[in-house]
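In what follows, a structure is listed as structure tokens, so that the remarks can point back to it.
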Amino acid sequence: MSNFSHKTPQTGEFERISKIREKTDRDSAFVRLGNGDDSAVLQQLSFPVVSVDTQVEEVHFRSRWLTDAMLGRRAVVAAASDLFAMGAAPRALLVSLILPEQIDDDRLVQLAEGLAKGADDVGASIVGGNLSCGKQFSITTTVMGDLLDPKKIGGRHGAAPNDGVYITFVPGEAALGLAFLLAETEPTCVSLAQPFMDRWRTPPVQREESAAVLPFAGAMIDVSDGLVQDLNHILKASEVTAELEVAKFPTSNDFKAACASLGSNPLELMLHGGETYGLLFTSTQSPPIGTRIGTITQGVPSTLILPSGHRHPLPTEAGHDHFKQRD
């Protein structure tokens, strides 16, 4: 892959590449040769871990919802989240951009600044990528990293009966922010809506959380598609079931009030709302961080316990699916 090579003729191609490099070039002990050649050369990746993520306009975002700088950072954080779930530290990033004609140089610079901010936040360097024009704005980020502990891999396998189920985030907040953005109407109380829209726009980086819980984690996953859906990935891979207690979910009165102002169901958002990019993990011990919301079981159906004490089957199909729904 060429470093920010351009497949379609466009005025200012190389000037645009230079603008991106001005904002994103960084020195790194893990990069022997970075941007500016046909390929990047990495070093000191003893146990490489690789993942890729794509953000597409009108599927994952709408440009009017956030600044280009926010979008660039958000794309990098979303991609790096998969490495944090594996117990890995991001080291290098490749970014492929498809830009419609209306993305001018000023917007490109803002986007590059956001990409650079995201790379700094997750601890990686942007070492190249690809630049092309097209009808639909998209950002594809490939992230490469190294295991924090060569003897310990995160991932979906490893949950065992009697493990606690823990989360490092407040469920439903990012999903509520997205619901306000999708409504595209002036919320009844802007002060209530703003924190949740900002939570969707600027997801937290789980770099420190991943390192802290890795020694204690049995299974671990980042929650991008919804708490229940991503938990079900762990349950299936580990061949276990679970019992979740809604009363133990962290939440706030502001969240409930904001849901009420929009007419949204708080429990639905907490269970099925995605794009939190926080960590969900299981552990036989008491980890230094995280909120326990349930227990891993076996031989019985997965169960959701409501605050009233009523028990219901845990849904097996819920959350985001690119091919079954659209924003």
Side-chain angles (χ1 to χ4, degrees), residues 3-4 6 10 12-13 15-28 34-35 52-84 90 92-134 136-143 173-175 177-178 180-182 184 190 193-207 222 224 274-278 327:
N3 287 30
F4 288 114
H6 188 69
Q10 179 177 318
E13 170 191 347
E15 290 82 2
R16 286 189 150 206
I17 293 171
S18 294
K19 290 177 184 296
I20 294 172
R21 290 191 57 194
E22 285 173 8
K23 299 297 181 181
T24 60
D25 278 359
R26 299 286 192 278
D27 292 329
S28 171
N35 242 322
V52 65
D53 184 78
T54 298
Q55 301 282 310
V56 181
E57 188 168 23
E58 299 301 331
V59 177
H60 301 94
F61 68 92
R62 293 171 187 168
S63 291
R64 60 185 175 276
W65 289 351
L66 69 180
T67 67
D68 291 300
M70 288 177 179
L71 175 59
R73 179 193 177 275
R74 191 174 186 278
V76 170
V77 172
S81 182
D82 287 327
L83 261 67
F84 295 135
L93 302 161
L94 294 171
V95 181
S96 178
L97 302 175
I98 297 179
L99 304 179
E101 292 181 358
Q102 63 266 31
I103 307 291
D104 58 22
D105 284 355
D106 288 341
R107 289 189 61 186
L108 179 63
V109 168
Q110 292 179 37
L111 180 64
E113 289 174 346
L115 293 169
K117 178 66 165 63
D120 291 343
D121 287 350
V122 305
S125 298
I126 296 175
V127 298
N130 193 71
L131 179 63
S132 183
C133 64
Q136 196 164 19
F137 187 11
S138 74
I139 307 171
T140 297
T141 309
T142 301
V143 56
E173 289 190 336
L178 178 59
F180 275 113
L181 291 166
L182 285 168
E184 295 189 343
V190 174
Q194 195 66 51
F196 303 105
M197 293 189 291
D198 290 344
R199 173 63 179 79
W200 181 87
R201 291 177 175 125
T202 56
V205 173
Q206 299 286 282
R207 183 180 179 182
D222 71 309
S224 56
E275 300 187 273
T276 69
Y277 301 111
D327 288 345

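All of these numbers come straight from a predicted model, not from anything done at the bench.
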#### Entry: Nearest heavy atoms of A92 and V127, plus distance in Å
CB-CG1, 4.0 Å
### Summary
d(F180 CZ, W200 CH2) to nearest 0.5 Å is 14.5 Å
### Query
Is there side-chain contact between F61 and I139, with at least one heavy-atom pair below 4.5 Å?
no
### Task
Taking the side chain as every heavy atom from C-beta outward, state whether L71 and R107 have any atom pair closer than 4.5 Å.
no
### Query
Would Q110 and T67 count as having a side-chain donor-acceptor pair, cut-off 3.5 Å?
no
### Query
Where do P204 and V77 come nearest, in terms of heavy atoms and distance?
O-CG1, 3.8 Å
### Query
CG of L115 to CZ of R73: how many Å apart, nearest 0.5 Å?
11.5 Å
### Query
What are the two closest non-hydrogen atoms of L83 and P90, and how far apart are they?
CD2-CA, 4.0 Å
### Query
Is any side-chain heavy atom of P203 less than 4.5 Å from a side-chain heavy atom of E275?
no
#### Entry: Minimum heavy-atom distance R199-T276, with the two atoms named
NH2-O, 3.0 Å
## Note on the structure
In this structure, CG of L108 is separated from CD of E113 (nearest 0.5 Å) by 10.0 Å
### Task
Would you mind checking if D198 and R201 are paired as a salt bridge, meaning a charged N to carboxylate O distance below 4.0 Å?
yes
### Between OG1 on residue T140 and CD1 on residue I98, distance to nearest 0.5 Å
6.5 Å
### Query
Can you tell me how far CG of L97 sits from CZ of F137, rounded to the nearest 0.5 angstrom?
7.0 Å
### Query
Under a 4.5 Å cut-off applied to non-hydrogen side-chain atoms, are D121 and R207 in contact?
no
### Query
Looking at side-chain heavy atoms only, is the closest gap between D222 and Q206 below 4.5 Å?
no
### Query
Do the side chains of V143 and D82 get nearer than 4.5 Å, heavy atoms only?
no
### Task
Taking the side chain as every heavy atom from C-beta outward, state whether W65 and L182 have any pair of such atoms under 4.5 Å apart.
yes
### Task
To the nearest 0.5 Å, tell me how far K117 NZ sits from M70 CE.
11.0 Å
